[in-house]
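Numbers restart at 1 for each chain; the letters A, B, ... are given by sequence-line order, proteins then strands.
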Amino acid sequence: MSTTCPHGHLSKTTDYCDQCGAPLKDRSAAPPASINPPTPASTPAYPAEVEVSPDTKPSVPAEPCPDCQTPRVGSDKFCEGCGYNFATGVSAASGAPARSMSGTAESWEALVEADREYFERVTTEEIDFPSHCPPRRFVLDQPEIGVGRHSQARGTRPQIDLSGAPEDPAISRLHAILLRQDDGSYAVIDPGSSNGTTLNDDPSPIAPNTPVTLADGDRIHLGAWTTITIRHG
Amino acid sequence: MTTFTAEAYQNEYLPAGGGEVNAVVTVTGSAAVPAPTSTQAAEIIIVDVSGSMGSPRAKLTAATRATAVAIDCIRDGVMFGVIAGNDTARAVYPQEGRLVAASPQTREDAKQAVAELKTTGGTAIGRWLALADELFAATPEAIRHAILLTDGRDEHETPAELEAVLTDCEGSFQCDCRGVGTDWEVQELRRIATTLLGTVDIVAEPAGLEADFQAMIERAMGKATGDVSLRLWTPQGATVAFLKQVAPTIEDLTSRANPVDALTADYPTGAWGDESRDYHLCVHVQPRAVGEEMLAGRVGLMVAGVAVSQALIRALWTDDEQLSTRINREVAHYTGQAELADAIQEGLEARKQGDEHTATFKLGRAVQLAAAAGNSDTMKLLAGVVDVQDQHTGTVRLKPRVQDADEMALDTRSTKTVRVKKPGS
C-alpha cells in the first residue's frame with residue numbers, strides 16, 4: 001500500500017511521507033509505519049556498504065535538480081531536495097538567493113563536493129570515501145568567510161560549515177578563511193590547519209597565513225576528500 | 001528477548017526560516033527474564049602479562065584474582081576463554097585455540113591456568129584483540145563480549161597496526177577496557193573501547209579490580225539481545241548534524257552511520273539488557289513556510305534486521321516566538337553534559353600543555369556545569385584537580401600538585417552523564 005503526499009511523492013509510510021516528511025491525511029488512523037527500507041534486503045548487523053541509488057524513487061521521470069540530483073516534482077518551482085530554484089536557476093543552499101553584498105551584479109560562490117579523484121590522490125589511511133555526499137553550495141557574500149567544522153564546546157560555527165555526516169575527518173575546526181579582495185574576488189588563507197590546504201593540481205600545501213588569490217574555477221582541496229570549487233557568476 | 005520502547009523529547013516548534021531540529025530519544029530495553037539463560041553468550045578475558053605487570057607484584061596478583069572472580073561469574077554454558085597478552089598473544093585457557101563451555105570443571109581449570117601466569121615482554125594490544133576476534137569467530141550466533149586489562153601503553157606495535165585490528169574487530173565483539181595503575185594512555189584505551197562499543201575506566205588500586213571485574217561480567221551476562229542498531233530516517237534535503245548517545249555515557253555515533261538507502265542509516269549500539277539509554281539527535285532540514293509541518297526524523301530500533309519500536313521527531317514552523325524559542329529540558333540538559341565532557345577534556349589537555357589560563361577557565365566551566373546538572377560524581381573528581389571557590393560562578397584554582405590517578409580518573413569518567421531529573425523526583 002502506498003499513499004501520495006501533497007508534494008506528489010509516493011510514500012510507503014502512511015503517517016508522514018517517506019520522502020519529504022510531509023504529513024499525510026490519514027495518519028491518525030494509520031497503522032504504525034515501518035521503517036524498514038522499501039526493499040528489505042537481508043540486512044546484516046553491520047552492513048558493509050550499501051549502494052545508494054538515486055532512482056529508487058517511484059515518481060514519474062523527472063528533470064533532476066542540477067544541484068543535488070533529486071528529481072523535480074511536477075512543475076514545482078523549488079527542488080524538494082535542496083531548495084534549488086528551477087525557475088531562476090538559483091541555488092538555495094545558503095538559504096538566501098545568490099546576490100553580492102556589495103550590490104554589484106557579479107557574485108562569487110563556493111561549491112563543496114566529495115572529490116574521489118582528490119581522495120585517491122592523497123588519502124592512504126583507513127578512511128572510506130563517503131557513499132552518499134550531496135554537493136553543497138555557498139554564496140560568498142561576506143568580506144571574511146570561515147571554512148571548517150562547528151564546535152559546540154567553543155560555540156563557533158564557520159559560515160562554510162563542513163560538519164555533518166558524512167563528515168570529512170581531516171578538516172580542522174577553522175581550516176581556511178576566504179578573504180574578499182579589493183576587486184571583489186576572493187583569496188584563500190590557511191591559518192595553520194593540521195592537515196594543510198592545496199590548490200588545483202599542485203600537491204604541495206599553500207603556505208600558512210599567506211593569502212592566495214583565487215580565480216574562477218580554482219579548486220581548493222582540504223581534508224580527506226573535500227574539494228571547494230570557486231565560481232564567479 | 002528484550003522488548004524496546006523509544007520516546008522522543010523535543011520542542012518541535014521552529015521559527016520562520018529555521019532548520020535545526022533537536023531531540024532527545026530515550027530508548028528502554030526490558031528483558032523479560034533477568035538472567036536470560038537461553039541466550040547464547042561468549043566471553044573472553046584478556047589479561048596483560050607484560051613485564052611491567054610484575055612490578056609491583058601486587059598488580060599481577062590482583063589481575064589474576066580478579067580474573068578468577070570474573071570466571072566464577074560466567075554462567076554455565078557460556079563459551080569462554082582467557083588470553084594472556086604481552087608483545088604477542090597466547091591462549092591461556094583453553095590452549096587449543098577455541099572457546100569452551102563454562103562448567104564447574106572448566107571454570108576450575110581456567111582459574112588454575114590463570115594462577116600460573118608469569119610476566120614478561122612488552123605490550124601489543126592489537127595482537128591480543130586479533131586473537132580474541134579469531135576465537136570469537138567460532139560463535140557467530142552468541143553475544144560476544146571481552147574484558148581487556150592493561151597497565152601500559154601500546155608500545156610494541158605501530159598505531160596503524162592497532163588501527164587495522166580495530167577495523168577488523170569492529171562489530172565482531174564488544175570490549176570493556178580497564179587500565180590499572182597510571183602508566184597507560186587514556187586516549188588509547190578510550191579509542192579501543194569506543195570502537196568496540198565498550199566502556200573504559202581506571203582501576204588505580206589493583207585491589208579494586210575484583211569488584212570491577214565482577215560488575216563487568218554480571219553486566220555482560222545480563223545482555224539478552226545482541227547487535228541492536230538505531231535506524232534513523234531523515235527527509236530529503238536534511239543532514240544529520242550529529243547523533244550522540246548521551247546517557248549513560250557520551251558516545252558520538254555520527255560517523256558510524258551505515259547507509260541503508262539515500263535517506264536512512266543504521267548506527268550500531270551493541271548488546272542490550274535491562275537498561276535505558278538516551279540519544280541526542282540534531283538534524284538540519286530545509287525550512288518550510290510558517291504553519292507547515294514536517295517529519296524531521298524517524299528513530300527506530302533494529303533487532304536482527306526487524307524494526308521493533310520507533311519515535312517520531314517533528315518540525316512545525318511558527319511565527320510565535322514564545323513557542324519557537326523554548327528549549328526542551330532534556331535537550332538543554334544533555335547539551336550541558338556534552339559541554340561538560342568537552343570542558344574537562346580540553347581543560348586537562350591545556351593543563352598538560354602548561355596553559356594555566358585555559359585550564360582554569362575550562363575546568364571552572366566544568367565545575368559550574370557539573371553543579372548545575374547535579375553531577376556529583378564528576379564534581380568529586382573535579383575536586384581532585386582544582387580547588388573550588390564558587391561552584392555557581394565556576395571560580396576555581398588549579399591544584400599545584402595533582403595525583404596522576406585523580407587526573408586520569410577525571411579524564412576517563414568525563415563522558416559519564418547523569419540523567420534528567422524527572423519533575424517531582
Side-chain angles (χ1 to χ4, degrees), chain A residues 7 9 13 15-24 27 32-54 56-57 68 70 78-83 92 95-96 125-126 130-132 134 136 150-155 161 163-167 169, chain B residues 17 19 160 163-164 167 170-172 226-229 231-243 254-255 257-266 268 284-288 292-300 302 304-307 310 312 314-315 335 338-339 342-343 345-346 362:
Chain A
H7 299 269
H9 302 119
T13 51
D15 51 354
Y16 292 89
C17 171
D18 67 9
Q19 297 296 314
C20 69
L24 301 174
R27 72 174 192 273
S34 159
I35 55 163
N36 279 315
T39 45
S42 64
T43 316
Y46 300 100
E49 249 189 341
V50 176
E51 276 290 316
V52 177
S53 143
T56 49
K57 295 171 192 70
C68 74
T70 302
F78 295 101
C79 168
E80 198 60 60
C82 65
E125 287 164 78
E126 296 285 324
S131 56
H132 176 68
R136 288 175 275 187
H150 73 243
S151 161
Q152 229 169 355
R154 293 181 175 82
D161 180 3
S163 314
E167 181 164 297
Chain B
E163 215 38 55
T167 307
E170 189 175 358
S172 151
D227 290 347
V228 177
S229 291
R231 173 161 292 183
L232 172 62
W233 171 93
T234 52
Q236 289 173 355
T239 49
V240 178
F242 60 80
L243 175 66
T254 317
S255 61
N258 291 317
V260 175
D261 61 27
L263 304 176
T264 313
D266 282 348
H284 293 161
V285 298
Q286 299 293 332
R288 296 242 169 114
E292 283 198 43
E293 182 188 352
M294 179 200 264
L295 186 66
R298 217 187 259 284
V299 181
M302 298 298 294
V306 179
Q310 64 168 330
L312 302 181
R314 301 191 310 147
T335 305
E339 192 191 341
D342 285 350
Q345 289 174 22
E346 289 169 7
K362 290 283 179 191

Which pair of heavy atoms, one from P23(A) and one from E293(B), lies closest together, and at what distance? CD-O, 3.1 Å
Go through T239(B) and R136(A) one step at a time and tell me if the side-chain contact (heavy atoms from CB on, under 4.5 Å) criterion holds. CA-CA 11 Å; T239(B) 49; R136(A) 288 175 275 187; 5.6 Å; no
For a quick test of reading the model, state the closest non-hydrogen atom pair linking Y16(A) to R298(B) and the distance between them. O-NH2, 3.7 Å
Partners of P287(B) by side chain to side chain contact (heavy atoms under 4.5 Å, CB included), sequence neighbours excluded? W317(B)
So, taking the atom named NE2 in H7(A) and the one named CZ in R288(B), what distance separates them when rounded to the nearest 0.5 Å? 4.0 Å
Relative to chain A, which segment of L312(B) carries a heavy atom at a distance below 4.5 Å: side chain, backbone, both, or neither? side chain
Say you draw a straight line from SG of C20(A) to CD of Q286(B); how long is it, rounded to the nearest 0.5 Å? 12.0 Å
Quick one: closest heavy-atom pair of P235(B) and G21(A), and the distance? CB-N, 4.1 Å
